[in-house]
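All values derive from a computational prediction rather than experimental measurement. Numbering of ligands and ligand atoms starts at 1, following listing order.
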Amino acid sequence: MSSCSAARQAFKVLISHPNVPAPALDLLRSRGGELIFCECVPPSRSEIISKVAGVDAIFWARYQPLNAEILDAAGCQLRAVSTMSAGIDYVDVPEFKRRNIPLGHTPDVVRNSVAELAIGLMIAAGRNFHDGRCKIGRSQWRIEEVDWLMGQEIRDSVVGFFGFGGIGQAIAKRLQSWDVAKILYTTRTRKPNEADYKAEHVPFERLLKESDFVVVASPLTEETREKFNSQAFGQMKSSAVFVNVARGGIVKQSDLHDALKSGRIFAAGLDVTTPEPLPADDPLLKLPNCVVLPHLGTQSWKTTTEMGMLAANNILNALEGKPMIKSAY
Ligand SMILES: O=C(O)C(=O)CO
C-alpha cells in the first residue's frame, strides 16, 4: 500500500488561523487529531505552506485564497478540507473537484447571525445612524428642525431580496413581525417555500423598481459579479436603502459611491466591501449616507462556535469515508 492510500487512525489537521473556537479543536483532538496551528495573525502564506505539508486535513478558518498552491504544498495524503464560512468564492472549487478532495463549508449555521446584522443595517442606513453620529461629533445637532435627518422606516415598506437562500429567508422570517407591505425576491429559480414568507418571485428589474429596501444575500459568482452597477442603481427608487451582507464583489463599488453621493439612492448599509479590509481613505467612508461594517456577519461566539463545530464534523466525516455534513460540491 502506498503512503498516500494507507488507512490511519491518528490524523494531522492544519488549523489555518489562531483563535478557532475551542470546542471544535477539542472535538478534533478527541477523535485522534494532532493539530498544527498557524500562529501569526493574519497567517502568512509562507507559514501556511510550511505547516500544511503532510497533513490529512485542513481547517480553513478565514477568507484567504484556498487553491492549488495550498493543495500542492499539503501533498497527496490530504483527505479533507473544510472552510469555516458559508461563502466559498475565495476557494478554487474546480481544483478540488479535479483532485477529488472533499471540500466542506458552513452554510445554515450562519443565517441567524447574518440576518440579525442585516436588519441592523437596514435600520442603521435607513435611519441615518452614521450621519447622526457624525453630526453630534461636529456639534451640528439640529433637533429643533422638524425635518432633520428624516429616515426610511421598515414598516409599510417593500423589501426586495437579491438571493433568497438561507440568509435571505432568515431575514424575511424576522420581517414577518415588522409590518412590511411586501416581500419580493429575485433568484434564478422560484423557491417552493416562498409562501412561508409571503414572498413573491420577481424579475431583477421589478425588484429594483419596487423595493424600498434592496437586500443582497446571494453568493458571489460570475453571474452576480458587479450586478449592482450604475444601471441597477439607476432603476432604484431615490428613497431606496441598499443593504449588502453577501460579498462586496456583487457591487460595482464606484457606482454605488456615485449613486449615494448624487442622491440617486437614499442610503446603503454594507457588511462587505471590495477590498477587505477597506482602506481607511476609501471614498465610501466619507459619505454620510453609507454605514460600513468590517464584515461582522458571523462575529458572535455562538455562531462562530457552531461554524467551527460544523467544519470539524465535515472533516471528521470525510476522514471516516462518509459524506461531509455540508459539502461544497
Ligand atoms: O460565512 C461567510 O461566508 C460570511 O461571509 C459570513 O458573513
So which heavy atom in the protein is nearest [atom], and how far is it from that ligand atom?
atom                   : answer
atom 2 (C) of ligand 1 : Ala86 N, 3.3 Å
atom 6 (C) of ligand 1 : Thr298 CG2, 3.5 Å
atom 7 (O) of ligand 1 : His295 NE2, 3.0 Å

Check: [X] side chain, [Y] main-chain N or O, donor-acceptor pair, under 3.5 Å:
X      : Y      : value
Thr224 : Thr221 : yes
Thr106 : Ser85  : yes
Asn313 : Met309 : yes

Query raised in the report: Below 6.0 angstrom between ring centroids: does that apply to His295 and Tyr63?
Result: yes

**Report entry** His105 near ligand 1 by a heavy-atom separation under 4.0 Å
**Finding:** no

Query - contact_flag Met84 ligand 1 heavy-atom lt 4.0 Å - result: no

**Report entry** side chain to side chain contact (heavy atoms under 4.5 Å, CB included) between Tyr185 and Glu194, intermediate numbers included
**Finding:** CA-CA 9 Å; Tyr185 72 97; Glu194 62 181 21; 2.5 Å; yes

Query raised in the report: When rounded to the nearest 0.5 angstrom, what is the spacing between CZ in Phe59 and CG in Leu28?
Result: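 If we round to the nearest 0.5 Å, Phe59:CZ and Leu28:CG are 7.0 Å apart.
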
Query raised in the report: By number and element, which atoms of ligand 1 are closer than 4.0 Å to a non-hydrogen atom of Tyr63?
Result: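 Atoms satisfying the 4.0 Å criterion: 2 (C), 3 (O), 4 (C), 5 (O), 6 (C).
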
Requested in this report: Taking only heavy atoms of Arg247 into account, list the atoms of ligand 1 that are under 4.0 Å away from them.
Outcome: 2 (C), 3 (O), 4 (C), 5 (O)

Query raised in the report: Any N/O of Gly87 closer than 3.5 Å to an N/O of ligand 1?
Result: yes

